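The block underneath contains the structure these notes are about, expressed in structure tokens.
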Amino acid sequence: MALLPIIVAPDPRLKVVSKPVETVDDGVRALMEDMLETMYDEPGIGLSAIQIGVPKRIIVVDVAGKDEAPAPLRIVNPEIVWHSDDDAVFEEGCLSLPDHYAEVTRPASIKLRYLDENGAEQELEADEILSRCIQHEIDHLDGILFVDHLTAVKRSIILRKLTKLKKSKLRESA
Ligand code: NI
């Protein structure tokens, strides 16, 4: 297992559309374990493979509360096969947009089809925070960040701040 560096926006890699996984093999399973370890270390509740620079349709999620047992989901080639007509508004953050949060509107509930870590097809109905987190992570696989759901003005404010932060970090390390 290994902790992996997370790509911070703005970065062209975060705009890449990730490719489906052909076979869920040991390499994919090892990647998912590294992603979970990295996510728990941050801590976060979801992570997509592209955030650690791997353009494959893989996400990991765990929305269990602090006092609950861990409930990791290892999700390959996810597809939303149904979503509710009613929307929910919820404040989102992202490990690739550190320290920035904004309210995003998305369908309240979804039904998901995906492959698990054994390559078996699974279906999952999700609402509330699990639905929210899965939709956010699937967006990453399509090159979409939560700021892309905001107005252009709000988006550019957040991205400008992150750009400044990156520049100041570069200067510190120079
Ligand atoms: Ni994110």
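Both backbone and side-chain heavy atoms feed into the values below; hydrogens, waters and symmetry mates do not. If you're wondering where the values come from, they're calculated on a predicted model, not measured in any experiment. Each ligand, and each atom within it, is numbered from 1 in the order the structure gives.
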Are L14 and I59 co-members of a hydrophobic cluster defined by side-chain heavy atoms under 4.5 Å apart?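 No.
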
side-chain hydrogen bond (donor to acceptor under 3.5 Å, both in side chains) for Q135 and S131? Distances and angles first, verdict last. CA-CA 6 Å; Q135 292 180 72; S131 163; 2.9 Å; yes

Provide the full list of side chain to side chain donor-acceptor pair (under 3.5 Å) pairs with a residue in residues 109-121, sequence neighbours left out, each pair given once. R113-E123, D116-Q122

Indicate whether any N or O donor in one side chain lies under 3.5 Å from an N or O acceptor in the other, for S84 and D86.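 Result is yes, a qualifying pair exists.
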
Got a salt bridge between D34 and R29, using NZ or NE/NH1/NH2 to carboxylate O under 4.0 Å?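 The answer is no: the pair does not qualify as a salt bridge.
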
Does I144 offer a backbone N or O that forms a donor-acceptor pair with the side chain of D142 under 3.5 Å? no

Take the Ni ion (ligand 1) and tell me which protein N, O or S atoms are nearer than 2.8 Å.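 Protein N, O or S atoms closer than 2.8 Å to the Ni ion (ligand 1): C94 SG, H136 NE2, H140 NE2.
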
